[in-house]
*Asks:* 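Below: one structure in structure tokens.
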Amino acid sequence: MVSASHAESLESIISRFAGRGRDALLPALWAIQTASGHINLEAVRALSLALNVPEADIYGVIGFYSMFHDQPTGETIIRVCTSPSCGLAGSDDLLDHVCQRLGVEPGQTTSDGRYTVEETTCLGLCEHAPAALVSQRGVGERSVPSAVDLESILADHSAPYPAVTGSLTHLLLDGIPVDRAQTLAEYGDYSALRRTLNDLMPDEVVAKIQASGLLGRGGAAFPTGLKWEMARRSEEKPHYVICNADESEPGTFKDRVLMELRPHLLLEGLALCAYAIEAEQGYLFIRGEYPLATQRLQQAIDAAVASGYLGDNIMGSGFNFHVEIRRGAGAYICGEETALFEAIEGKRGFPRIKPPYPTRVGLFGKPTVINNVETLCKVPGIINRGGRWFRQWGTDLSTGVKLVSVSGHVSRPGVYEIPLGTPLRQVLTELCGGVTGRLQAVLMGGAAGTFLAPDEIDTPLTFEDLRTVGSTLGSGAIMVFNDSVDLRDVLRRLGAFFQHESCGKCYPCQLGTQRQKEILDRLHAPLPGDRERLTDIGQTMSESSLCGLGQTAAAAVLSAMKRWPHLFE
Amino acid sequence: MAVRSRIKTLKIDGRDVSAHEDETILQIAEENGIFIPTLCRIEGLSLIGACRLCLIEVKGWNRLVPACHTHAEEGMEVFTDTERLRNYRRMIIELLFSEGNHVCAVCVSNGNCELQYLAQRLGMDHVRFPNMQPVRKVDMTHERFVLDRNRCVLCARCIRVCDEIEGAHTWDMRGRGIDARVITDLDIPWGDSETCTSCGKCVNVCPVGAIVEKGRAVGEMTKRKDFLVYLSKMREAKK
């Protein structure tokens with residue numbers, strides 16, 4: 001632990017951020033909390049004057065993000081994940097054990113002020129379930145994969161945890177180290193960017209992406225080239241480019257693996273997008289629960305800037321592009337693109353009404369392209385080798401390759417690269433070494449996704465085929481449950497997740513996620529009429545909520561009702 | 001003279017109507033005497049599209065869209081009162097009633113409450129969810145006003161009017177999801193607020209009995225609903 005004298009003083013933090021305007025609010029709050037463990041009223045008052053943001057507003061922001069604290073916490077915060085994949089691996093027992101050893105309840109701090117224990121939603125370490133996140137003031141934060149007991153959580157893991165990866169196509173993750181980030185020397189000289197700056201006009205870059213048929217890999221599957229084209233044509237200036245690295249969908253961890261292992265691939269993709277839409281400023285918005293990815297990307301940015309691949313006048317071309325990392329602070333909703341803009345702008349992560357769409361009115365009200373990590377990582381390959389090359393994999397509608405995050409009851413959970421169209425069965429048997437036990441259910445697309453029954457696993461993994469069976473590929477999360485699992489328990493965790501993560505802006509979701517949770521909590525002893533109430537709430541949320549969170553908060557529940565009606569009787 | 005935007009013709013519930021292209025469906029409906037329920041929206045403040053009560057169906061569009069935020073398009077066919085919409089609206093009102101303390105018989109706003117009016121108008125005659133019976137702090141510290149969070153529906157009108165019209169930004173929201181609630185300044189008692197000017201605008205825009213004047217008995221709290229429009233007109237005239 002670092003003594004208080006080493007921590008940056010409030011005065012110094014305030015003067016560092018003063019005059020930068022409201023969008024510096026989240027970075028400033030992180031700086032204050034890192035220095036003093038929590039954000040007290042004195043700090044809020046000082047920050048209010050320095051950034052010209054009302055006190056009530058700042059206080060509202062602190063209370064919105066679950067990683068910000070306005071009250072003192074323990075010197076070390078232990079966050080134990082209880083989302084489905086970790087739940088299967090015994091996270092409830094782990095949480096009980098940690099609490100018992102420290103003599104506290106979840107949410108409490110030990111009397112000596114050393115430890116706070118919190119229950120948390122998915123940490124994106126599902127292949128190493130159960131997982132925890134440890135924040136030690138002054139020493140930084142680290143993820144704890146395969147947590148066993150209090151000792152293993154508190155031990156100083158300087159040894160990195162290797163990623164479990166595999167591939168049928170060998171594009172993104174093959175032949176690279178799995179326990180450290182690929183260095184700039186190993187990655188290369190940003191050849192796609194170099195060729196582009198020498199030979200291609202922005203519209204030619206967009207045309208190449210459009211020719212590839214690439215669909216967004218974050219979950220919504222919007223055509224990437226079309227998005228770029230719409231932003232490029234927006235006359236309002238400046239344009240912004242954002243990498244959505246707020247990977248918070250339970251069961252999804254492919255973006256974490258990409259960022260931890262291939263940071264330069266992502267940065268080159270981001271720079272190519274910036275050139276295509278004529279943006280000079282980019283943001284990487286990384287969820288607060290990903291300390292290692294954040295650290296490795298910052299190192300990669302520094303290395304790329306030092307080598308002239310980012311910054312002003314890149315490779316002598318006259319093209320300028322600057323990238324800034326913005327850290328989230330614990331809010332699933334910020335993966336929703338407009339809520340993410342609000343977070344960068346220093347506000348509560350409330351989604352905006354669409355239209356207008358981000359390509360016309362985005363970050364700071366300007367035309368913005370926001371792409372998922374994996375989507376951007378596909379870009380350098382497409383630029384170097386062309387759209388037709390990318391189309392050799394996949395189907396006409398779902399082109400190319402995709403990363404899937406497999407967790408739960410398989411022999412080798414991990415991130416796997418597959419050509420789209422690969423049947424789910426092949427992924428589970430060939431890549432993951434088979435299902436452990438007898439297969440009961442698969443949850444596709446994470447908490448916001450839908451269940452598949454065992455007789456549906458021959459479905460090819462494409463956006464269109466899964467839609468046909470009423471399911472979704474989403475972000476590529478695949479959670480596998482064998483017949484030892486009580487699906488009611490899984491549903492209970494999903495209900496708790498959405499209740500915790502609903503932002504509270506629109507009524508159907510704010511109130512519906514609460515009522516859905518109550519009913520899912522009592523599935524073992526339902527009240528008369530619960531099934532109808534659950535259906536009504538689900539349909540109301542799906543159709544009338546403001547944003548994608550509410551619109552998908554009942555998707556898994558409704559899909560389970562269709563496949564296993566007896567669970568709700 | 002400024003050039004007004006182009007005229008569009010469209011159908012609302014089978015009726016031919018014409019409108020300027022910068023008008024929303026909600027405005028056009030109101031001009032034509034067609035009722036669309038709203039709760040978070042109030043003339044004179046920014047739109048947040050949060051209550052979802054004004055959702056409408058448009059022929060050929062997959063999603064329901066909020067009338068307050070959807071502009072007229074040529075040839076568009078809008079439906080404001082289908083069975084599907086009525087169900088969702090009733091459901092939302094039902095969820096609101098079951099969440100807070102909305103016992104009209106003991107409320108100062110009884111008879112002048114927008115939530116009560118909507119429930120009656122939309123035919124929400126029973127609540128199928130157990131009441132959550134929240135126990136939230138009632139703030140009586142202000143010398144003239146009372147804040148009862150148990151009656152608050154989080155429409156954010158108080159937050160918006162204080163920020164956008166009064167310019168004090170005394171109000172904001174804290175927490176998220178079901179735990180979200182309105183706060184004054186640094187979540188301190190309202191009476192201790194250093195930014196509150198006691199102008200009373202929040203009292204007038206509050207649609208329910210959450211922010212009211214002290215000393216009112218049941219049903220006595222009436223609010224001046226058009227004062228924001230009046231205020232902005234007078235300000236405009238002064239410019």
Side-chain angles (χ1 to χ4, degrees), chain A residues 40-41 44-45 48 53-66 70 331-333 348-356 498-515 517-519 527 529-530 532-533 536-537 539-541 543-547 550-551, chain B residues 39-40 47-53 55 63-66 68-71 84-85 87-100 128-130 132 153-156 159 162-163 167-188 193-195:
Chain A
N40 64 19
L41 299 186
V44 173
R45 290 206 178 94
S48 169
V53 181
E55 291 175 4
D57 202 338
I58 296 181
Y59 214 60
V61 169
I62 297 170
F64 185 83
Y65 295 96
S66 48
D70 66 334
Y332 169 72
I333 184 63
R348 299 161 59 83
F350 270 3
R352 303 175 184 169
I353 317 173
K354 289 189 277 193
F498 283 110
Q499 188 263 5
H500 185 257
E501 296 300 336
S502 170
C503 77
K505 177 171 180 175
C506 81
Y507 293 150
C509 174
Q510 186 224 359
L511 304 169
T513 52
Q514 167 69 24
R515 292 315 195 166
K517 174 191 183 292
E518 290 168 12
I519 297 173
L527 299 178
D530 266 0
E532 289 68 34
R533 279 190 284 259
D536 285 355
I537 295 168
Q539 282 171 354
T540 304
M541 284 199 286
E543 283 223 80
S544 69
S545 294
L546 175 68
C547 83
Q551 287 161 11
Chain B
L39 187 54
C40 62
L47 291 168
I48 56 171
C51 75
R52 316 307 284 168
L53 289 169
L55 288 181
R63 287 207 175 283
L64 306 176
V65 291
C68 67
H69 212 260
T70 304
H71 290 267
R84 180 180 172 205
L85 294 172
N87 283 338
Y88 291 146
R89 288 171 185 161
R90 267 200 302 269
M91 183 78 185
I92 291 169
I93 298 291
E94 193 183 332
L95 287 169
L96 276 172
F97 261 88
S98 70
E99 186 268 343
R128 296 170 299 157
F129 296 92
M132 288 180 61
V153 291
L154 290 175
C155 65
I159 300 174
C162 188
D163 175 63
H169 204 120
T170 300
W171 294 101
D172 212 290
M173 201 185 282
R174 188 158 166 74
R176 73 185 182 209
I178 202 70
D179 299 323
R181 58 192 169 83
V182 292
I183 56 167
T184 44
D185 286 354
L186 296 167
D187 201 6
I188 57 172
S193 167
E194 290 170 5
T195 60

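Within every chain, numbering begins at 1; the chains are lettered A, B, ... in the order of the sequence lines, protein sequences first and strands thereafter.
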*Asks:* If we define contacts as heavy-atom pairs under 4.5 Å, which of A:R45, A:Q514, A:R352 has the most with chain B?
*Replies:*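 Highest number of heavy-atom pairs under 4.5 Å: A:Q514.
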*Asks:* If you count heavy-atom pairs under 4.5 Å between each of A:A331, A:S66, A:C503, A:S48 and chain B, which one has the most?
*Replies:*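 Top option by heavy-atom pairs under 4.5 Å: A:C503.
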*Asks:* Given 3.5 Å as the limit, does a donor-acceptor pair link the side chain of A:R533 with the main chain of B:R128, or not?
*Replies:* yes
*Asks:* Taking atom CZ of B:F129 and atom CG of A:L527, what is their separation to the nearest 0.5 Å?
*Replies:*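 Spacing of CZ (B:F129) from CG (A:L527) equals 11.5 Å.
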*Asks:* When only pairs under 4.5 Å are counted, which of A:C506, A:C509, A:P355, A:G504 shares the most heavy-atom pairs with chain B?
*Replies:* A:C506
*Asks:* If you define the side chain from C-beta out and look only at heavy atoms, does anything of A:Q539 sit under 4.5 Å from B:Y88?
*Replies:* yes
*Asks:* For the candidates A:G529, A:P351, A:S502, which exhibits the highest count of non-hydrogen atom pairs separated by less than 4.5 Å from chain B?
*Replies:*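 Highest number of pairs under 4.5 Å: A:S502.
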*Asks:* If you round to the nearest 0.5 Å, how far is NE2 of B:H169 from CD1 of A:I58?
*Replies:* 9.5 Å
*Asks:* Minimum heavy-atom separation for A:P508 and B:A50, please, with both atom names.
*Replies:* CD-O, 4.4 Å
*Asks:* Report the option among B:I178, B:L53, B:T170 that has the most heavy-atom pairs separated by less than 4.5 Å from atoms of chain A.
*Replies:*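 Option with the top pair count is B:I178.
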*Asks:* Checking heavy atoms, do the side chain of B:L39, its backbone, both or neither come under 4.5 Å from chain A?
*Replies:*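 When you check distances to chain A, only side chain atoms of B:L39 fall under 4.5 Å.
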*Asks:* Should A:H500 and B:R176 count as side-chain neighbours, where that means a heavy-atom distance under 4.5 Å?
*Replies:* yes
*Asks:* Could you tell me which portion of A:F350 (side chain, backbone, both or neither) has an atom closer than 4.5 angstrom to a non-hydrogen atom of chain B?
*Replies:* side chain
*Asks:* Look at B:L154, B:D163, B:I159, B:L96 and state which one has the largest set of heavy-atom pairs under 4.5 Å with chain A.
*Replies:* B:L96
*Asks:* Can you find a heavy atom in the side chain of B:E194 that is under 4.5 Å from one in the side chain of A:E55?
*Replies:*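 The answer is no; the side chains never approach within 4.5 Å.
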*Asks:* Quick check on B:M91 against chain A: is it the side chain, the backbone, both or neither that has a heavy atom closer than 4.5 Å?
*Replies:*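 Contact with chain A: side chain only.
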*Asks:* Side chain, backbone, both or neither: which part of B:H69 has a non-hydrogen atom closer than 4.5 Å to chain A?
*Replies:*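 Looking at B:H69, just its side chain touches chain A.
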*Asks:* For chain A, find which of B:N87, B:V153, B:L47 contributes the most heavy-atom pairs closer than 4.5 angstrom.
*Replies:* B:V153
*Asks:* Would you name the heavy atoms of B:R52 and A:S544 that are closest together and state the gap between them?
*Replies:* NE-O, 2.7 Å
*Asks:* Side chains of A:Y507 and B:I93: closer than 4.5 Å at any heavy-atom pair?
*Replies:*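 They are not in side-chain contact.
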*Asks:* Is B:P66 close to chain A through its backbone or its side chain, or both, or neither, when contacts mean heavy atoms under 4.5 Å?
*Replies:* side chain
*Asks:* Just so I understand: if I count every heavy-atom pair under 4.5 Å between each of B:L95, B:L186, B:L55 and chain A, which residue has the most?
*Replies:* B:L186
*Asks:* Which residues pass the side chain to side chain donor-acceptor pair (under 3.5 Å) test with A:D70, not counting sequence neighbours?
*Replies:* A:Y59, B:R174
*Asks:* Salt bridge between B:R84 and A:E543, side-chain N to carboxylate O under 4.0 Å?
*Replies:* yes
*Asks:* Sort out for me which of A:G512, A:P54, A:G349 touches chain B most, counting heavy-atom pairs under 4.5 Å.
*Replies:*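 Most heavy-atom pairs within the cutoff with chain B belong to A:P54.
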*Asks:* Most heavy-atom pairs under 4.5 angstrom with chain B, which of A:E518, A:E532, A:Q510?
*Replies:* A:Q510
*Asks:* Using a 4.5 angstrom heavy-atom cutoff, name the option from B:C51, B:A180, B:G49 with the most pairs to chain A.
*Replies:*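 Most heavy-atom pairs under 4.5 Å with chain A: B:C51.
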*Asks:* I want to check something: taking the side chain as every heavy atom from C-beta on, are B:M173 and A:F64 in contact at a cut-off of under 4.5 Å?
*Replies:*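 No, too far: nothing below the 4.5 Å cut-off.
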*Asks:* Looking only at heavy atoms and a cut-off of under 4.5 Å, which of B:L85, B:D179, B:I48, B:T70 has the most pairs with chain A?
*Replies:* B:I48
*Asks:* Name the region of A:T540, side chain, backbone, both or neither, that has any atom closer than 4.5 Å to a heavy atom of chain B.
*Replies:*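 Backbone plus side chain of A:T540, per the 4.5 Å heavy-atom cut-off to chain B.
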*Asks:* Does any backbone or side-chain atom of B:C155 lie under 4.5 Å from a heavy atom of chain A? Answer side chain, backbone, both or neither.
*Replies:*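 Looking at B:C155, backbone and side chain both touch chain A.
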*Asks:* Sort B:V65 into side chain, backbone, both or neither according to what part of it lies under 4.5 angstrom from a heavy atom of chain A.
*Replies:*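 Neither the backbone nor the side chain of B:V65 comes within 4.5 Å of chain A.
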*Asks:* Go through the side-chain N and O atoms of A:R515 and B:S98 and say whether any donor and acceptor fall under 3.5 Å apart.
*Replies:*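 Short answer, yes.
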